[in-house]
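Below is one structure, written out as structure tokens; comments come after it.
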Protein chains: 2
Amino acid sequence: MKIDPKNPADLSAQIAKAIRDAIICGDLPVDERLPSEAELAEQFDVSRPTVREALKRLAAQSLIRTQRGATGGAFVNRLKFEDAYGQQITTSTLLLSMNEISFATACEARYALERACAPLSATRRTADHLATMRAEAHRQNQPGLTDEAFCASDVAFHRALVDAAGNPVLSYQLAGAVEAMQPLMNMITFSARSREKIVSLHTSIADAIEAQDASAADESLAALAQYTQKLAQDVIAERQAERS
Amino acid sequence: MKIDPKNPADLSAQIAKAIRDAIICGDLPVDERLPSEAELAEQFDVSRPTVREALKRLAAQSLIRTQRGATGGAFVNRLKFEDAYGQQITTSTLLLSMNEISFATACEARYALERACAPLSATRRTADHLATMRAEAHRQNQPGLTDEAFCASDVAFHRALVDAAGNPVLSYQLAGAVEAMQPLMNMITFSARSREKIVSLHTSIADAIEAQDASAADESLAALAQYTQKLAQDVIAERQAERS
DNA sequence: CAATTTTCATTTGTCAGACAATTAAACGTC
DNA sequence: GACGTTTAATTGTCTGACAAATGAAAATTG
């Protein structure tokens, strides 16, 4: 862990890497206290600001938490799924917005992953998940809803569907795919007619999940995927027509 | 972006958040140069070390890159899929190791997601992906292979399968799920007999992908998932027997 | 004039030392 | 023993400084 080549640049990155590796390989167990900043500075033979920059890098990844005071210091953080969700969503969102990912590609990925969850959700869904899905579908029927609120409710519906699979790893992976789509979805203006169709498909999905009918759920999801793609195509075509 | 409450703690976190939000909402486009550290310090009315800590947080998430010299500075980084892979894998690995995720749960998630890719891979696979899959399956048949090398080849095989879907979003999401499993997989000692079975299933998958037969690919993947779970159960049972 | 070298200003990377804020433990006091 | 006080440790922040890199401008040279 005390590896530090004579390269006097990126010292804070090197130190962060050394500590990160120690955490990943298990040398530093969860809740273990790191040496104080002054001690680390001495160990690595650098100044305290440099150590602090390294620690801030780790804090940005939720690998450590810091506490002030006499018994304070930096502690190895138990990375929780909730913490990871946020990073996952931020990263996914930026990946989509910065890499010219087409709506079609993102949409395909999202629904492919969601359909992977559906059979498990059909088997394991609880009353709680079902209630959330029903409530969101109901909300989506309210006439006064803005497009943004409609999309947010859509995300909540699909989150519940994914969470119903009862597999935290799946929920974590899907969080990025589903939530990162929201900005793209917000660019679509939903007509009353299209909302009606979507809510009807959501209801079909909820029905299938309630009946624990995996293949029916898959069918409805596939139909929803297809319809969403079609909606997006129409909107894009309409905008191009307007432009000319 | 100049929001900064009078709370004189976590200044660097607040500044990092302000800049991060500006990047996410598009106020700071890709390759835009941030003000110099001295200018930022003045803008936010903090010292330069505090600004630097904030920038290091952003650098840890690959949101910015820095360059020394006259025309240097911090630039908004185009987040590339390759950059995101690493973070995704690190985070997923830690999530699994720190949260008492059972092998069964992780394995279920991995194969569920992979089966979501398979139909797309069957449709779109290129000769390149097929060649990689064949090569890895062949390597897995070599007798001298260590368990670690076998697992690494397994990961490479499945990466090729996922990449064959031709959807970078799917590849990104799956990278975490597949690679994070490797440490867990490494804990399983593969007998010659179990390796033979796995390679046979890999060959079946490659055959199905080559024939563009989605349902055959799905069947083989399902069989592989089941067999992997069984192997893990056996190893766990054996270790418990040894302990008593 | 063109090409090359030198100088220089800008910016990040690092360091040293200091003080403020926080916190829990040690210490007195009643 | 209960309760307030002091104290030491630690992080958070600031100031000022110098080193290293780097591109642009200026000077030099052919």
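Per chain, numbering begins at 1; letters A, B, ... match sequence-line order.
Taking only distance into account, the side chain of B:Arg48 meets the base of C:dG13 through a donor-acceptor pair shorter than 3.5 Å.
One finds the CD atom of A:Glu179 at 5.0 Å from the CZ atom of A:Arg159 (value rounded to the nearest 0.5 Å).
Distance from the side chain of A:Thr66 is smallest for D:dG12 among the nucleotides C:dT12, D:dC14, D:dG12. Considering only side-chain atoms of B:Ser36, the nucleotide from C:dT12, C:dT22, D:dC14 that sits closest is C:dT12. The B:Glu37 side chain lies nearest to C:dT12 when the options are C:dT12, D:dT13, C:dC15. Of the candidate nucleotides D:dT10, C:dT14, D:dC14, D:dC14 has the atom lying nearest to any side-chain atom of B:Pro49.
To the nearest angstrom, P of D:dT11 lies 8 Å from CG of A:Leu55. Atom CG in A:Asp45 sits roughly 8 Å away from atom P in C:dA16 (whole-Å rounding). Across the protein-nucleic acid pair, B:Phe75 atom CZ and C:dT12 atom P stand 9 Å apart, rounded to whole Å. At whole-Å resolution of the value, CD in B:Glu39 and C1' in C:dT10 are 11 Å apart. When the P atom of C:dA16 is taken as reference, atom CZ of A:Arg52 falls 16 Å away, rounded to whole Å. In this structure, B:Leu11 places its CG atom 13 Å from C1' of C:dA20, rounding to the nearest Å. If you take CD of B:Gln67 and P of D:dA21, they are 13 Å apart, rounded to a whole angstrom. Atom NZ of A:Lys56 is separated from atom C1' of D:dG12 by 7 Å (rounded to the nearest Å).
A:Arg33 has a side-chain polar atom (N or O) that falls below the 4.0 Å cut-off from OP1 or OP2 of D:dT10. For the pair B:Ser12 and D:dG12, the criterion of a side-chain N or O lying under 4.0 Å from OP1 or OP2 is not met.
Listed by first and then second residue, the side chain to side chain donor-acceptor pair (under 3.5 Å) pairs involving residues 70-79 of chain B are B:Arg65-B:Asn77 (not counting sequence neighbours).
Classification of B:Lys56 and B:Glu53 as a salt-bridged pair fails, no side-chain N sitting under 4.0 Å from a carboxylate O.
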Collect all protein-nucleotide pairs involving nucleotides 24-27 of chain D in which both atoms are nitrogen or oxygen and the distance is under 3.5 Å.
none

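Looking at B:Ser62 and B:Gln87, their side chains do bring a donor and an acceptor atom within 3.5 Å of each other. Counting only N and O atoms by type, the side chains of A:Asn167 and B:Thr105 include no donor and acceptor under 3.5 Å apart. When only modelled atom types and interatomic distance are considered, B:Thr126 and B:His129 share a side-chain donor-acceptor pair under 3.5 Å.
Checked against salt bridge (Lys or Arg N to Asp or Glu O under 4.0 Å), B:Asp83 has no partners two or more places apart in sequence or in another chain.
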